[in-house]
Amino acid sequence: MSEDIPFMFVGDALALDLINTVKIVRGQIIDTLQTPDDLAQWWSLAHEHHPQIEVVSGDIKPFDENTLATIKSVRDHLHDLFLSVIEGQQPDADDLPALNWALGSGHPTLVWQEGGRIEYSSTEPAAKILLPAALSALRLLTQADLSRLHKCQSNQCILLFYDTTKSGTRHWCSTACMDRDRSRRRYSASKQG
Ligand SMILES: [Zn+2]
């Protein structure tokens, strides 16, 4: 991934931050997950932003092209699923099954670890991300306040977020996006006036 296109962690939920790896940069839709290395880099940052997510341990191989393709396919279905929910529309026929598949293929086998901890275990590289991402999506869809799920208000932005503010009045993914959007509106208003 090019250095000037950083990953965004503005979703306030792991599933939304995964969806937000596709974003608009200077009017172009950009997929920031281009290589298995991008995925590994995103995942280590995702961990820092979501320290409470489920850890999948076990003899897991490094991410490869297959892992990347699997994660991206689930991500794209999650995007469409959440957008449908935000818009109050019935999801496409294959979007919810994709989440169900991700929940299942996360292989949430519980194992006893030294030191008395019980952890999720898998040998499937994709499971490391799929399981916590799918559980995050499940929690949002079944336990969260769906009226707080939003797409950024800027029409130059496609990022999704869960509004955790007390007032519940967050409209943009970030203050930078808000500032750009407001100045664009001022500019077009001044042109019309
Ligand atoms: Zn935005």
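One-based numbering, in listed order, for ligands and for the atoms of each. Both backbone and side-chain heavy atoms feed into the values below; hydrogens, waters and symmetry mates do not.
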J.: State which residues pass ring pair (Phe, Tyr, Trp, His ring centres under 6.0 Å) with His171; sequence neighbours excluded, sorted by chain then number.
T.: none

J.: Please list, chain by chain and in numerical order, all residues satisfying side chain to side chain contact (heavy atoms under 4.5 Å, CB included) with Asp163, sequence neighbours excluded.
T.: Arg148, His150, Phe161, Thr165, Arg170

J.: With the Zn ion (ligand 1) as the centre, enumerate protein N/O/S atoms below 2.8 Å in chain and residue order.
T.: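 Listed by chain and number, the atoms are Cys152 SG, Cys157 SG, Cys173 SG, Cys177 SG.
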
J.: Cation over ring, Lys23 on Phe7, under 6.0 Å and within 45°?
T.: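 Here Lys23 fails the 6.0 Å and 45° test against Phe7.
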
J.: Which residues satisfy the side chain to side chain contact (heavy atoms under 4.5 Å, CB included) test with His47, sequence neighbours excluded?
T.: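 With neighbours one apart ignored, the set is Trp43, Ile53, Val55.
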
J.: Using a distance-only test with no angle check, is there a side-chain donor-acceptor pair under 3.5 angstrom linking Asp17 and His50?
T.: yes

J.: Apply side chain to side chain contact (heavy atoms under 4.5 Å, CB included) to Val22 and Arg75, showing your working.
T.: CA-CA 9 Å; Val22 177; Arg75 174 196 66 188; 3.3 Å; yes

